[in-house]
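Okay, so here's the structure we're looking at.
In what follows, every chain begins at residue 1, and chains take the letters A, B, ... in the order their sequences are listed. Keep in mind that this is a model prediction, so the values were computed, not measured. Because only heavy atoms are used, hydrogens play no part in the values below, and waters and symmetry mates are left out as well, while side chains stay in.
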Number of protein chains: 2
Amino acid sequence: MDVSSLTLNRLSLYLRCLRTLQEEGTERISSQQLAERFDLSAPLIRKDLAQFGEFGIRGIGYEVDHLIDRLHSALGLDQQHPLLVVGMGRLGTALARYLGFNDATFRVVAVLDNDAEKVGKEVGDLTIRHTDELEEIVREYGVELGVLTVPAEAAQPMYDALVDAGVQAVLNFAPVSLQLRPGLPSKSVDFRIHLEELVYFLLAKED
Amino acid sequence: MDVSSLTLNRLSLYLRCLRTLQEEGTERISSQQLAERFDLSAPLIRKDLAQFGEFGIRGIGYEVDHLIDRLHSALGLDQQHPLLVVGMGRLGTALARYLGFNDATFRVVAVLDNDAEKVGKEVGDLTIRHTDELEEIVREYGVELGVLTVPAEAAQPMYDALVDAGVQAVLNFAPVSLQLRPGLPSKSVDFRIHLEELVYFLLAKED
DNA sequence: CCATGTGAACAAATTCACAGCA
DNA sequence: TGCTGTGAATTTGTTCACATGG
């Protein structure tokens with residue numbers, strides 16, 4: 001089976017919403033009800049969910065608890081995935097702390113910087129280590145995911161270093177188009193691009 | 001003309017790349033050369049560019065300077081757009097400073113929080129103001145864009161407050177699906193969803 | 001009866017293939 | 001000749017419509 005990014009992202013949204021519903025004590029929900037919350041169509045939601053099996057009950061809807069369990073494991077979220085953050089500037093520090101509440105799925109095991117001044121300082125309950133130790137750290141903790149929050153100039157070499165050190169997927173926050181390793185999952189998050197998109201929509205609305 | 005988000009996001013990437021090329025002194029570039037940098041197909045890039053006019057020279061390619069000018073104005077980036085950031089936690093602070101180098105396109109004119117403790121503190125060269133002053137601030141500076149970096153629980157009410165105060169587009173960093181105002185451009189950036197997507201790809205690679 | 005699951009219809013995005021022009 | 005610009009073909013994603021089953 002081959003699930004698209006679009007579907008995966010929506011599934012993450014559904015899952016988060018379902019957890020809220022669970023806390024509120026809701027036991028069942030229909031695709032129609034979910035659709036209203038997300039401004040999506042009900043058949044789309046059913047198609048998304050159906051990619052992982054038949055979770056629903058005809059005539060009734062989906063059982064919240066059951067659906068959460070199935071989605072959670074289908075998405076690989078029931079295992080813990082060690083990650084590290086490279087680049088302890090403002091954004092990297094903020095992200096490391098934000099992600100650092102270490103839930104069952106993600107665990108920030110190390111934070112790194114290549115600036116000797118920063119090495120040794122504390123970020124949350126972690127101590128900043130030098131990027132020279134990258135390979136060792138990846139082996140030590142079985143790091144799967146790397147988060148890149150270095151300046152634009154440093155992003156490509158650090159991406160390469162991460163991959164060479166054995167990191168299996170990369171989330172990049174540097175505003176550059178990386179030359180990616182084929183077959184290695186990675187995503188870029190780029191605030192400026194989102195802002196520029198919004199600006200265009202404003203322009204377009206003026207006619 | 002109606003340009004898709006996908007196209008717009010790629011245009012922003014091209015533009016950034018073109019500026020780098022310009023600095024390096026490159027005068028011309030072909031769609032093929034651009035395609036290699038982004039792992040895209042050359043016809044796709046030509047289609048993207050062609051939505052705004054015929055910028056290229058057949059047999060030669062695109063003139064870097066000219067293409068930058070045209071894209072820049074087509075995307076509405078030659079006017080300055082005042083924005084404000086609501087939520088001066090770690091992420092909001094980091095973003096405000098990150099965006100706060102105030103280039104020709106974006107200018108952070110105010111940073112806000114609803115916590116009286118934080119009001120009055122400095123973030124970069126701005127002083128944190130209280131969210132009660134939202135409407136006044138929007139009017140004062142002609143704020144067009146709002147960036148939301150408040151905790152999940154506060155996101156919906158603060159989104160509504162932003163829109164009611166006259167903000168014309170919103171970039172949301174809170175991990176929730178907002179109930180959006182019809183016709184008002186907005187985007188959500190959600191780190192957790194990107195991480196979850198990467199995890200799924202890792203799982204899928206194992207077969 | 002009612003909401004799911006799904007094949008068929010439709011729409012959007014991308015690639016292909018090539019005409020047209022420097 | 002070489003690269004752009006673009007209609008046609010293809011692939012991908014979404015919606016429609018309905019058969020199915022609790």
Side-chain angles (χ1 to χ4, degrees), chain A residues 1-14 17-18 21 26-71 74 177 193 197 200-201 204, chain B residues 1-14 17-18 21 26-71 74 177 193 197 200-201 204:
Chain A
M1 184 184 29
D2 202 34
V3 185
S4 80
S5 283
L6 260 23
T7 293
L8 283 172
N9 292 350
R10 286 193 301 263
L11 287 168
S12 288
L13 289 178
Y14 306 157
C17 174
L18 289 166
L21 290 169
T26 308
E27 289 183 6
R28 284 200 269 265
I29 191 153
S30 68
S31 59
Q32 186 54 52
Q33 290 171 299
L34 279 172
E36 279 157 22
R37 296 195 177 231
F38 296 112
D39 284 318
L40 297 172
S41 75
L44 179 60
I45 290 178
R46 295 201 295 275
K47 275 245 158 84
D48 284 341
L49 296 176
Q51 304 217 22
F52 292 100
E54 304 198 1
F55 304 153
I57 308 162
R58 287 162 199 251
I60 303 291
Y62 300 88
E63 239 182 290
V64 173
D65 288 354
H66 181 237
L67 188 51
I68 289 175
D69 287 351
R70 299 302 303 273
L71 282 183
S177 295
I193 284 177
E197 186 184 339
Y200 180 79
F201 288 139
Chain B
M1 182 184 28
D2 199 35
V3 184
S4 79
S5 283
L6 261 22
T7 294
L8 282 172
N9 291 352
R10 285 193 300 266
L11 287 168
S12 288
L13 288 178
Y14 306 157
C17 174
L18 288 166
L21 290 169
T26 308
E27 289 183 6
R28 282 201 270 264
I29 190 152
S30 68
S31 58
Q32 184 56 50
Q33 291 171 300
L34 278 172
E36 280 158 20
R37 295 194 176 231
F38 296 112
D39 283 320
L40 297 172
S41 76
L44 178 60
I45 290 177
R46 294 200 298 274
K47 273 244 160 89
D48 285 340
L49 297 176
Q51 305 218 22
F52 292 99
E54 303 198 359
F55 304 152
I57 309 160
R58 287 159 199 253
I60 304 290
Y62 298 90
E63 238 182 291
V64 173
D65 288 354
H66 180 237
L67 188 50
I68 288 175
D69 287 350
R70 300 300 305 271
L71 282 183
S177 295
I193 285 177
E197 186 184 340
Y200 180 77
F201 288 141

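If you measure from atom CD1 of A:I60 to atom P of C:dC2, you get 11 Å, rounded to the nearest angstrom. A straight line from CG of A:L67 to P of C:dA3 spans 17 Å, rounded to a whole angstrom. In this structure, A:R70 atom CZ and C:dG5 atom C1' are separated by 15 Å, rounded to whole Å. Rounded to whole Å, the distance from CZ on B:R58 to P on D:dT4 is 10 Å. Straight-line distance from the CZ atom of A:F52 to the P atom of C:dG5: 14 Å, rounded to whole Å. Computed from coordinates, the B:E54 CD to C:dA19 P distance equals 18 Å when rounded to whole Å. For the pair B:Q32 CD and D:dC3 P, the interatomic distance rounds to 9 Å; values are reported in whole Å. As a whole-Å value, the separation of A:I29 CD1 from C:dC2 P is 19 Å.
In this model, a donor atom of one side chain and an acceptor atom of the other lie less than 3.5 Å apart for B:E197 and A:S5.
A heavy-atom distance below 4.0 Å to DNA chain D is reached by these residues of residues 38-49 of chain A, ordered by number: A:S41, A:P43, A:L44, A:R46, A:K47.
Contact between B:L21 and B:R37 at its shortest, heavy atoms only, is CD2-NH2, 3.3 Å. A:S41 and A:A35 get closest at one heavy-atom pair: C-CB, 3.9 Å. The two residues A:I45 and A:S31 make their nearest non-hydrogen contact at CD1-O, 3.9 Å.
Between B:Y200 and A:F52, the ring-plane angle classifies as perpendicular under the 30° and 60° cut-offs.
Contact annotation: B:R10 does not reach the phosphate of C:dA13 (side-chain N/O to OP1 or OP2, under 4.0 Å). Between B:S31 and D:dC3 there is no side-chain polar atom (N or O) within less than 4.0 angstrom of OP1 or OP2. For C:dA22, neither phosphate oxygen OP1 nor OP2 lies less than 4.0 angstrom from any side-chain nitrogen or oxygen of B:Y62.
Here B:T7 lies out of heavy-atom contact (under 4.0 Å) with every strand.
Interatomic distance, B:R10 CZ to B:L49 CG, rounded to the nearest 0.5 Å: 10.0 Å.
Residues A:L6 and B:G61 each lie close to DNA chain D; by heavy-atom proximity, the contact nearer the 5' end of the strand is made by B:G61.
A distance-only check finds no donor-acceptor pair linking the side chain of A:E36 to the backbone of A:Q33 [under 3.5 Å].
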